[in-house]
A.B. asks: 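Pasting in a structure now, in structure tokens, and then I'll have a few things to ask.
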Amino acid sequence: MEINSPAQWSPDIYNKAWNFATLAHQGQFYGGAQEGQKIEYINHIGAVTMEVIWALSLSAGCDGNLAIQCALLHDVVEDTKYNYEDIKQQFGEQVANGVLALTKNEKLSGKEAQIKDSLQRIRLQPKEVWMVKLADRICNLQQPPYYWNNQKIISYQQEAGLIYDALHEANSVLATRLKNKINNYTNFLKKG
Ligand code: NI
């Protein structure tokens with residue numbers, strides 16, 4: 001593939017959002033693949049943003065700053081004390097709208113209802129926001145935390161299929177990468 005005009009983006013805009021996300025997620029951890037592992041939450045944010053930057057380098061016609069800011073901030077409203085207004089004030093309305101669409105509505109009951117609602121709202125946003133959700137699930141299909149059982153692994157794989165179906169048109173390189181991660185996820189099922 002030859003890209004004549006890869007997306008432009010600003011390191012200064014990146015750093016402002018990266019520093020905000022680092023402080024916002026400070027003290028948060030998630031479980032690793034091995035028993036007892038605790039991983040700093042910011043690892044996930046860095047991984048998602050890396051996927052987005054990789055895709056930007058292979059895709060034409062994207063707003064790099066929008067994609068990168070939404071990637072760096074994608075879990076801030078869902079998982080930290082900051083809200084939509086805070087993001088809007090610091091990063092502008094377009095970024096805040098993207099982050100809000102990437103945030104589950106916890107008033108809805110059931111995980112499936114929450115993910116379907118979020119996917120509908122993401123689909124009303126620019127393609128850069130769709131790319132963040134594809135990148136998020138690519139990262140989340142790494143080896144699952146050691147305490148997940150097979151039922152949880154299978155339902156997570158099915159949920160990833162919903163994300164692929166809803167958003168794959170946004171970006172072909174991320175879509176292909178997500179498809180492969182979904183197919184390989186059964187390798188993590190525990191035997192016996
Ligand atoms: Ni995430």
Side-chain angles (χ1 to χ4, degrees), residues 14 17-33 37-56 66-84 86-87 90-91 95-106 108 110-123 125-145 147-148 152-153 155-168 170-171 173-175 177-182 185 188:
Y14 179 108
W18 174 239
N19 290 337
F20 187 95
T22 300
L23 290 171
H25 289 290
Q26 203 163 44
Q28 295 179 345
F29 296 87
Y30 55 92
Q37 284 180 340
K38 275 170 67 187
I39 299 175
E40 301 255 10
Y41 202 87
I42 200 70
N43 178 283
H44 167 69
I45 303 302
V48 171
T49 308
M50 177 278 291
E51 296 284 348
V52 166
I53 291 172
W54 172 75
L56 289 172
L66 176 62
I68 288 171
Q69 288 176 100
C70 286
L72 289 167
L73 300 169
H74 80 272
D75 279 333
V76 162
V77 173
E78 187 163 296
D79 292 331
T80 81
K81 66 183 177 184
Y82 295 102
N83 61 27
Y84 172 84
D86 298 321
I87 304 298
Q90 291 277 329
F91 301 99
V95 173
N97 288 344
V99 172
L100 190 64
L102 292 159
T103 302
K104 286 192 214 80
N105 179 357
E106 280 163 1
L108 296 172
K111 257 206 119 199
E112 192 175 332
Q114 288 179 9
I115 187 86
K116 284 185 172 164
D117 165 72
S118 176
L119 289 173
Q120 276 174 7
R121 289 184 288 113
I122 290 167
R123 284 173 57 87
Q125 293 291 313
K127 289 286 170 6
E128 289 82 356
V129 178
W130 306 29
M131 288 169 67
V132 174
K133 187 67 191 177
L134 293 170
D136 185 43
R137 187 50 62 108
I138 287 167
C139 293
N140 286 341
L141 291 176
Q142 295 181 60
Q143 189 170 354
Y147 48 82
W148 281 21
K152 171 79 183 165
I153 291 170
S155 72
Y156 205 65
Q157 185 189 36
Q158 286 168 347
E159 195 181 281
L162 294 179
I163 294 169
Y164 178 88
D165 290 345
L167 305 179
H168 67 94
N171 185 271
V173 293
L174 288 171
R177 192 159 154 74
L178 177 58
K179 188 73 166 170
N180 289 334
K181 296 282 176 191
I182 292 171
Y185 203 58
F188 296 124

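All values below were derived from every heavy atom in this structure, side-chain atoms included, with hydrogens, water molecules and symmetry-related copies excluded. Counting starts at 1 for both ligands and their atoms, following the listed order.
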A.B. asks: Is the Y82 ring parallel, tilted or perpendicular to the F20 ring (thresholds 30°, 60°)?
C.D. replies: tilted
A.B. asks: Any N/O/S atom of H74 sitting less than 2.8 Å from the Ni ion (ligand 1), backbone or side chain?
C.D. replies: yes
A.B. asks: Between D136 and H74, do the side chains contain an N or O donor and an N or O acceptor separated by less than 3.5 Å?
C.D. replies: yes
A.B. asks: Please verify the inter-ring angle class for Y41 with H25; under 30° counts as parallel, over 60° as perpendicular, anything in between as tilted.
C.D. replies: parallel
A.B. asks: Strictly under 2.8 Å, is any N, O or S atom of D136 next to the Ni ion (ligand 1)?
C.D. replies: yes
A.B. asks: Name the one of I122, N171, L167 that satisfies side chain to side chain contact (heavy atoms under 4.5 Å, CB included) with M131?
C.D. replies: N171
A.B. asks: In D75, the N, O or S atom nearest to the Ni ion (ligand 1) is which?
C.D. replies: OD2
